[in-house]
Amino acid sequence: ALLREGRLEEAIAAAAAAVKAAPRNPDAHNALGVTLARAERWEEATRCYRTALALTPRRGGTWSNLGNALTALGRDEQAIAAQRMSLAIQPGDATALYNLATTLTRAERQAEAIAAYEAAHAAGHPQALWNLARARLAHGDWAGGFRDYECRIAQRMVADRPRPGQRWDGRPFPNQTILLLTEQGF
């Protein structure tokens, strides 16, 4: 409740008190890690997740949390390994797949990231298609990237306002003019 109310320091203190009261409770360590991560105290969060995993190693969500903290610290290979551990415990988990894809993107491993985003999208992650489109575009898959990029309108990420003329579908248009309209601040 304290986190939802934006009372971050109080939330950290409460989570730390829960760990002190129950030092062998992996949920308490994970909760403290989540709270510290919200404060972007990544090293401390990583220690909490590792403690939780030492107490109970088969915690897919905690492995994924650890992976996110390691990603924030720029330790991409360790983060990828943590996300893969999460998926070994909970195969097909949409959030772990998405987190893996995000880290693979950061590590500039686009082909693997695309496969992970595809799996996350198939598993129902709400942001996977948007990031899949961006990864495909970055990897040079223009047709697939622009096709998937249309999700920004379907998911109401941008307003679908009336535009003059016909929408460009990516095909060549020799001897014609294209009108580009900005969106999303670009």
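Along the sequence shown, residues carry numbers from 1.
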Inset, instruction - Considering non-hydrogen atoms only, spot the tightest contact between A28 and V19 and give its length. - result: O-CG2, 3.4 Å
Legend entry - Straight-line distance of Q83 CD to Q78 CD, nearest 0.5 Å: 12.5 Å
Inset, instruction - Among residues two or more places apart or on two chains, list those pairs meeting ring pair (Phe, Tyr, Trp, His ring centres under 6.0 Å) that have a residue in residues 72-116. - result: Y98-Y117, Y98-H125
Legend entry - Contacts of type side-chain contact (heavy atoms from CB on, under 4.5 Å), residue E9, not counting sequence neighbours: I12, R41
Legend entry - Audit row: R134, D148, salt bridge (Lys or Arg N to Asp or Glu O under 4.0 Å) steps and yes/no: CA-CA 9 Å; R134 294 172 55 206; D148 293 345; over 6 Å; no
Inset, instruction - Taking all non-hydrogen atoms of both residues into account, name the closest pair between G67 and A79 and its distance. - result: O-CB, 3.3 Å
Legend entry - Side chain proximity check, T102 to T105, heavy atoms < 4.5 angstrom: no
Legend entry - With R7 via side-chain contact (heavy atoms from CB on, under 4.5 Å) - residues at least two apart: L2, E5, E10
Inset, instruction - Starting at CG of D76, measure out to OG1 of T103 and round the result to the nearest 0.5 Å. - result: 6.5 Å
Legend entry - Separation of L66 CG from T71 OG1 (nearest 0.5 Å): 9.0 Å
Legend entry - Hydrophobic cluster membership, L137 vs W130, 4.5 Å side-chain cutoff: yes
Legend entry - I114 side, atom CD1; H139 side, atom NE2 - distance, nearest 0.5 Å: 5.0 Å
Legend entry - Results of salt bridge (Lys or Arg N to Asp or Glu O under 4.0 Å) for E108 - residues two or more places apart only: none
Legend entry - Minimal non-hydrogen separation, A45 against A37, with atom names: CB-N, 3.9 Å
Inset, instruction - Decide whether L53 and I89 are clustered together by the hydrophobic rule: side chain heavy atoms of Ile, Leu, Val, Met, Phe, Trp, Tyr closer than 4.5 Å, transitively. - result: yes
Legend entry - ring pair (Phe, Tyr, Trp, His ring centres under 6.0 Å): pairs with one or both residues in residues 60-95, sequence neighbours excluded: none
Legend entry - Within one Ile-Leu-Val-Met-Phe-Trp-Tyr cluster: M85 and L70, side-chain cutoff 4.5 Å: yes
Legend entry - Intermediate values then yes/no, side chain to side chain contact (heavy atoms under 4.5 Å, CB included), E118 and H121: CA-CA 5 Å; E118 286 173 338; H121 176 60; 5.8 Å; no
Legend entry - Transitive ILVMFWY side-chain link L36 to L3, under 4.5 Å: yes
Inset, instruction - Could you grab the distance from atom OG of S86 to atom CZ of R58, nearest 0.5 Å is fine? - result: 10.5 Å
Inset, instruction - Following the transitive rule for hydrophobic clusters with a side-chain heavy-atom cut-off under 4.5 Å over Ile, Leu, Val, Met, Phe, Trp and Tyr, establish whether L73 and Y49 coincide in one cluster. - result: no
Legend entry - Worked check of side chain to side chain contact (heavy atoms under 4.5 Å, CB included) between R50 and H29: CA-CA 9 Å; R50 290 189 191 283; H29 288 279; over 6 Å; no
Legend entry - Value rounded to 0.5 Å, distance of CD in Q127 from OG1 in T95: 9.5 Å
Legend entry - Residue list, side-chain contact (heavy atoms from CB on, under 4.5 Å) with R84, at least two apart or on another chain: I80, L100, L104, R109, E112
